[in-house]
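Below is one structure; the comments refer to it alone.
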Amino acid sequence: MPGKNLYTDSGIEVKEVYTKADLAGSAPSDALPGEFPYTRGVQPDMYRGKLWTMRQYAGFSTAEESNERYHYLLSQGVMGLSVAFDLPTQIGYDSDHPLAEGEVGKTGVAIDSIEDMQTLFKGIRLEDVSTSMTINATGYILLAFYTALAKQQGADLKKISGTIQNDILKEYAARGTYIYPPKPSMRIITDIFEWCSHELPKWNTISISGYHIREAGSTAVQEIAFTLSNGKAYVQAAMTKGLDINVFGKRLSFFFNAHNNIFEEVAKFRAARKMWAEIMKDLGATDPGAMKLRFHTQTGGSTLTAQQPMNNIARVTVQTLAAVMGGTQSLHTNGYDEALSLPTEEAARIALRTQQIVAFESGAPDTADPLAGSYFVESLTHSVEEQAWKLMGRIDAMGGSVSAIEQGFIQEEIARSAYEYQRQIETGEKIIVGVNKFQVQETGSIPLFRIDDSIRQIQTEKLAALRKKRNPARCDSILQDLNDKASSGENIMPVVVEAVENFCTLGEIADTLREVFGEYK
């Protein structure tokens, strides 16, 4: 397109050609992969030593059905499980609560009690898999369910590995599945950091998420600026509690989006690693492990189109390459049908095969940081970093992420970017293949995955049976103890584990803290 100015999705101008002169002031670091500031990757040999973990995000309907899908995915070569929970589970309501009606088992699996967790992982040894759970406001309860199940299996808790998302700040900014106000929510998160450092040392206690910020309409620059600002807020909260940055810093992980602009995405991942290393060093980290930004990537859900959905296979492939060439530690690839419904088994298999083809056929993983030294990518990495630091400076001036969220700054910035992106699609400045250009009359129909509304009834019957067989006085006593510890500032995690072991439900535990902390409106 000669004569026309071109820009990345973050508004960074792309020149017609890049030369050595474009590296003036942004010369690539001499540091190798595995060396501070880790721009080029967190391991010296990257994927030659170990491929990224291929995770497939799954969870729907009942624990029984999700368990079947997990066994299928493990048989197809998945290396780590990734659990999606339904909306009532995410916001702390049991399936029989009036507000759960119409939502049970829809966006993920319904988990009301330790019994559902036992069913979800039936036939799967928790010591043998790494499990990621996309859960925030009720993350402390799901972690307790998982820990209680591991204990029942006789597992060594020191060997249990996985991640809870546990990133509440992005819920206020971009997603909305919060329960408690920001300050008590931050306190629950630091309780988890402290408890896991003793009980589950290999567990990643938080996955600081840029994914949902990007899904809400942010640019790539905003995604890393807002995510790293949130990360900084969590670190400062943990240090205020007296925790050691060199210990909990190693258990922090991040969760990013991969969109279609392959070079900007690679630049984003490289810039984020460098920035986080510098942030952690400035905050006092001295252990290299606490300065390394390790991240999971999911391909961009908001980039998938309901029109000509098979085109999404190509989009996901481009995004997979961006994540791999950007140095991700684990990856989930979306099914081509996810703009229409939860992925069918066929779509989930193609999504996994996309990762396997990139891993074993493309050559992309054969060398660490394959795009390093490219005039364009190095210049773009510098530009992304420069713009992200500016945005973080504005957040710092407001008093950090919590204040910026309370003032509505982050939400407004995301909304402005989302509006601008949509405007460009509607005017045709930005082409989305099959949507605003290259349309066809579509006749064939894609088979969709549907969730039956009867699931709520099944879960309600399970809850009734559970409440009949447990010791009600024991449950009341434990929930009162939880109330007391939440009020006094003691760490709540030991009593939450005790509660789930005694068949207290997710909703009862969440309600106990609602009484103490109130709800965020």
Side-chain angles (χ1 to χ4, degrees), residues 29 31-46 49-50 52-53 130 132 139 143 157-170 186 189-210 224-256 269-297 326-330 368-369 385 388-389 392 396 400-401 491 493:
S29 162
L32 294 168
E35 294 177 0
F36 183 89
Y38 311 108
T39 312
R40 302 199 57 197
V42 291
Q43 302 296 342
D45 55 356
M46 284 306 288
K50 179 178 180 279
W52 63 93
T53 302
S130 156
S132 168
L143 180 60
L157 295 187
K158 303 282 185 278
K159 291 180 181 169
I160 294 294
S161 68
T163 307
I164 39 171
Q165 191 162 96
N166 199 26
D167 172 11
I168 204 65
L169 290 178
K170 67 95 176 49
M186 293 292 277
I189 287 166
T190 54
D191 277 5
I192 292 169
F193 287 2
E194 181 180 51
W195 182 77
C196 283
S197 68
H198 304 298
E199 302 296 326
L200 268 74
K202 283 183 75 176
W203 191 267
N204 295 325
T205 49
I206 193 166
S207 173
I208 305 154
S209 174
I224 61 167
F226 297 154
T227 307
L228 298 185
S229 283
N230 289 350
K232 191 170 162 184
Y234 293 124
V235 171
Q236 288 166 328
M239 290 171 74
T240 301
K241 196 170 179 127
L243 304 184
D244 183 346
I245 190 170
N246 287 318
V247 175
F248 75 79
K250 293 179 192 170
R251 301 270 52 97
L252 305 176
S253 67
F254 287 81
F255 174 24
F256 289 121
F269 297 133
R270 298 173 88 246
R273 267 195 298 272
K274 179 170 184 276
M275 291 172 72
W276 187 245
E278 290 171 9
I279 288 165
M280 289 297 272
K281 192 175 184 183
D282 288 348
L283 289 170
T286 52
D287 188 316
M291 299 183 218
K292 293 179 180 181
L293 182 146
R294 297 164 303 116
F295 66 98
H296 170 69
T297 308
T328 194
Q329 275 59 67
S330 77
D369 196 17
E385 183 191 352
W389 279 128
M392 286 186 75
D396 285 342
S401 269
N491 195 306
M493 283 307 296

| Closest non-hydrogen atom pair, L293 against Q329 | O-OE1, 4.0 Å

| remark: Nearest heavy-atom approach of A233 to S401 is CB-CB, 4.2 Å

| query | Is N246 reaching over with its side chain to a backbone N or O of T286, donor-acceptor style, under 3.5 angstrom? | reply | yes

| field | Smallest separation among heavy atoms of R40 and A31, with atom names | value | CD-O, 3.5 Å

| Taking the six-membered ring where the residue is Trp, are the ring centres of F269 and F295 under 6.0 Å apart? | yes

| said: Whether K241 engages the ring of F193 as a cation-pi pair (distance to the six-membered ring centre under 6.0 angstrom, angle to the ring normal within 45°) should be assessed. | reply: no

| task | Could you list the residues that satisfy side chain to side chain contact (heavy atoms under 4.5 Å, CB included) with A237, not counting sequence neighbours? | result | M186, T190

| said: With a 4.5 Å cut-off on side-chain heavy atoms, are L200 and R251 touching? | reply: no

| task | Could you walk me through whether F254 and W276 pass the ring-ring contact (aromatic ring centres under 6.0 Å, His included) test, one step at a time? | result | CA-CA 10 Å; F254 287 81; W276 187 245; 4.8 Å; yes

| field | CG-SG distance between D191 and C196, expressed to the nearest 0.5 angstrom | value | 10.5 Å

| Any side-chain donor near an acceptor of the partner, D167 and S209, under 3.5 Å | no

| said: Could you tell me if the side chain of K232 sits less than 4.5 Å from the side chain of D396, heavy atoms only? | reply: yes

| message | Is the shortest side-chain heavy-atom distance between I164 and W203 below 4.5 Å? | response | yes

| Closest heavy-atom contact between M239 and L283? | CE-O, 3.2 Å

| query | Under 3.5 Å, is there a donor-acceptor pair between the side chain of N166 and the main chain of T205? | reply | yes

| Rounded distance [0.5 Å steps], CD in E278 versus CD in E385 | 6.0 Å

| request: For residues L228 and I208, determine if any side-chain heavy atom of one lies less than 4.5 Å from a side-chain heavy atom of the other. | output: no

| message | Using the side chain to side chain contact (heavy atoms under 4.5 Å, CB included) criterion, which residues pair with S330? Sequence neighbours excluded. | response | T53, R55, H296

| note | In terms of heavy-atom contacts, I168 and Y234 come closest through N-OH, 3.0 Å

| query | More than 12 non-hydrogen atoms from neighbouring residues, nucleotides or ligands closer than 6.0 Å to NZ on K159, yes or no? | reply | no

| task | Give, for atom OG of S229 and atom CE of M392, the distance between the pair rounded to the nearest 0.5 Å. | result | 3.5 Å

| query | Do F256 and T227 come within less than 4.5 Å of each other through their side chains, counting heavy atoms only? | reply | yes

| query | In Å and rounded to the nearest 0.5 Å, what is the CG to CG distance from N230 to L169? | reply | 4.5 Å

| note | Rounded to the nearest 0.5 angstrom, the CZ-NZ distance for F36 and K274 is 8.5 Å

| request: Please check if any side-chain donor atom of Q165 sits under 3.5 Å from a side-chain acceptor atom of K170, or the reverse. | output: yes

| query | Under the side-chain contact (heavy atoms from CB on, under 4.5 Å) criterion, do I160 and K202 qualify, and how do the steps go? | reply | CA-CA 6 Å; I160 294 294; K202 283 183 75 176; over 6 Å; no

| query | In Å and rounded to the nearest 0.5 Å, what is the CZ to CD1 distance from R273 to I224? | reply | 11.0 Å

| request: Looking only at non-hydrogen atoms, find the nearest pair between A285 and M291 and report the distance. | output: O-CE, 3.3 Å

| said: What I'd like to find out is whether the side chain of I189 reaches to under 4.5 Å of the side chain of I206, using heavy atoms alone. | reply: yes

| task | Measure from the side-chain N and O atoms of N491 to the backbone N and O of M493, and report whether any donor-acceptor pair falls under 3.5 Å. | result | yes

| task | Could you tell me whether K50 and D45 make a salt bridge, using a distance below 4.0 angstrom between a side-chain N and a carboxylate O? | result | no

